[in-house]
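Some notes on the structure that comes next.
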There are 2 protein chains.
Amino acid sequence: MPERKPRKDAARNREAVLAAADALFARSESPEDITMADVAAAAGVGKGTLFRAFGDRSGLLRALYEARLEPVREAIESGPPPLGPGTPPHQRVLALLDSALCFKLDNRRLALALEESGSTSPYQAAHYDRWHNLLQGVLEQIPGLAADSDFTAHTLLAAIRADLVEHLAGEEDVPREKLRAQLAAFTTRAITAP
Amino acid sequence: MPERKPRKDAARNREAVLAAADALFARSESPEDITMADVAAAAGVGKGTLFRAFGDRSGLLRALYEARLEPVREAIESGPPPLGPGTPPHQRVLALLDSALCFKLDNRRLALALEESGSTSPYQAAHYDRWHNLLQGVLEQIPGLAADSDFTAHTLLAAIRADLVEHLAGEEDVPREKLRAQLAAFTTRAITAP
DNA sequence: CGTTAAAGCGGACTCACGGTCCGGATTCTA
DNA sequence: TAGAATCCGGACCGTGAGTCCGCTTTAACG
């Protein structure tokens, strides 16, 4: 199978679109009022190009998201403790959730745009599955939680959903460190058998 | 203050629309593929009427939701324990969340339609505020949680968000009683100081 | 009752946005 | 450098929320 490499202009345009979209979303008040036409115009590119490169709106958002998430994924899969493997479960759950929270704080608009990317529920997205599987796997190693690890993983992830984070950090102006502390406290309670 | 009562035909049409919308949403696979035109047609009414009576899509959803929620609200505000007032905090939190979960299980499509009702985040909805205030008030009475009662209330409510409930009950076919038990177990852990 | 002004009706219409299409330009291959 | 494969981009389409306005119905009053 050939697997031909993309043409030069295609690659260049792809980058231009990613950069433009990134800037636009970061700047915008709400992700909803950035249209695909806006992105195309800002990138100096036609809509056709935009859609051929990313399929549809959520494809573009996913591509942006994955790119930003890459370092975090790396740190989780093969980095040093407490994020990386080989950390005691209890402590690793805390580290995972904290890193996810920080990521969403640093990429609020983008995360928001991705989760509310219209039609499909967030629970069908591939990246959600990755987080959930990872978290569930760690939770299973904690005595007394194995039975509910699936549900508990969902619930802990629900605590850092983009729109909730946006509401707390953006609307109510809860400071970053306070949020992190509260999440840590809550998580600790949630994974400690009474 | 005038406060004129609505005309007979207006009242009749309003009821027709509510009934039609209720039936349509209950029947539908996903709330998204029921358009306002569908509702109007099913109610035997023009779109103009529909929009005059409810303002916009989310107004219609809210009206449906409030109607369904009425008995639950009653039980919470002035019913007998464990839901009503005068219940020990720990136990009442469990009862509140359980009743909210059951409500969403019984009105899955509607709750889903309301939460994803496009533009505005669920955290700006008036009914969310009511649940949150109520829950926070009760949590404050639990020793050791007072400081984080705001965050904890948000997080517990996040555990029963409509799309998560839909995912678990609808896609993964987790049985009702199992969900209730898992939520109760999780909640107990979350409101018990280590 | 009969009259009349206000309230309500409904469906054709607008508008915005995601997504498609295709004639022409550009880049790879030989 | 010729030909073919790929890509470009903006005009175009479908859809669905929300508006508009001429006509009908209601209800208040003489």
Side-chain angles (χ1 to χ4, degrees), chain A residues 1-21 24-25 28-64 112-121 125, chain B residues 1-21 24-25 28-64 112-120:
Chain A
M1 63 184 43
E3 185 67 34
R4 315 175 58 77
K5 68 167 52 173
R7 262 169 50 171
K8 203 182 351 172
D9 51 351
R12 178 172 38 76
N13 280 338
R14 185 186 170 89
E15 292 312 310
V17 166
L18 281 175
L24 281 181
F25 280 114
S28 81
E29 193 61 30
S30 159
E32 313 221 342
D33 42 47
I34 282 169
T35 73
M36 294 302 270
D38 290 340
V39 175
V45 138
K47 284 179 64 177
T49 305
L50 180 50
F51 280 96
R52 181 155 345 87
F54 297 99
D56 59 7
R57 182 176 232 266
S58 89
L60 169 60
L61 270 340
R62 269 200 310 274
L64 274 171
L112 206 52
L114 186 61
E115 269 188 26
E116 75 188 19
S117 166
S119 38
T120 70
S121 104
Chain B
M1 56 181 62
E3 185 68 33
R4 314 176 55 77
K5 67 166 52 174
R7 259 169 54 171
K8 203 183 351 172
D9 50 352
R12 178 170 38 77
N13 279 339
R14 186 187 168 88
E15 291 312 308
V17 166
L18 281 174
L24 281 181
F25 280 114
S28 81
E29 193 61 29
S30 160
E32 314 221 341
D33 41 48
I34 282 170
T35 74
M36 294 302 270
D38 289 340
V39 174
V45 138
K47 283 180 64 178
T49 305
L50 180 49
F51 279 95
R52 181 154 345 84
F54 297 98
D56 60 7
R57 184 176 230 266
S58 89
L60 170 60
L61 269 341
R62 269 200 310 274
L64 274 171
L112 205 52
L114 186 61
E115 270 189 26
E116 73 187 20
S117 168
S119 37
T120 70

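In what follows, chains are A, B, ... by sequence order, proteins preceding strands, each numbered from 1.
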Exercise. For dC9(C), does OP1 or OP2 lie under 4.0 Å from any side-chain N or O of N13(B)?
Worked result: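 So the side chain of N13(B) is within the cut-off, an N or O lying under 4.0 Å from OP1 or OP2 of dC9(C).
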Over how many whole Å does the gap from [X] atom [atom1] to [N] atom [atom2] extend?
X: D38(B); N: dG18(D); atom1: CG; atom2: C1'; value: 15 Å
X: L50(A); N: dG10(D); atom1: CG; atom2: P; value: 12 Å
X: F54(B); N: dT19(D); atom1: CZ; atom2: C1'; value: 18 Å

Set of side chain to side chain contact (heavy atoms under 4.5 Å, CB included) partners for A53(A), sequence neighbours left out
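Scan of A53(A) (side chain to side chain contact (heavy atoms under 4.5 Å, CB included), adjacent residues dropped) gives none.
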Partners passing side chain to side chain contact (heavy atoms under 4.5 Å, CB included) against A42(A) (at least two apart in sequence or in another chain)
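A42(A) satisfies side chain to side chain contact (heavy atoms under 4.5 Å, CB included) with A20(A), L24(A) only.
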When the side chains of residues 54-61 of chain B are checked against the rest of the protein, which donor-acceptor pairs come out under 3.5 Å, sequence neighbours left out?
residue: D56(B); atom: OD1; partner: S58(B); partner atom: N; Å: 3.4
residue: D56(B); atom: OD1; partner: G59(B); partner atom: N; Å: 2.9
residue: R57(B); atom: NH2; partner: I34(B); partner atom: O; Å: 2.3
residue: S58(B); atom: OG; partner: R62(B); partner atom: NH1; Å: 3.2

| said: Can you tell me how far apart CD (E115(A)) and OG (S121(A)) are? Round to the nearest 0.5 Å. | reply: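 Interatomic distance, E115(A) CD to S121(A) OG, rounded to 0.5 Å: 10.0 Å.
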(request) Quick one: which residue pairs count as a salt bridge (Lys or Arg N to Asp or Glu O under 4.0 Å) with a foot in residues 8-19 of chain B, not counting sequence neighbours? (result)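 Qualifying pairs, neighbours excluded: R7(B)-D9(B).
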- [ ] Could you list all the side chain to side chain donor-acceptor pair (under 3.5 Å) pairs where at least one residue sits in residues 35-54 of chain A, not counting sequence neighbours?
- [x]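 Output for this query lists T35(A)-D38(A).
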B/S/- along nucleotides 16-27 of chain C (protein heavy atoms under 4.0 Å) is -SBBBB----BS
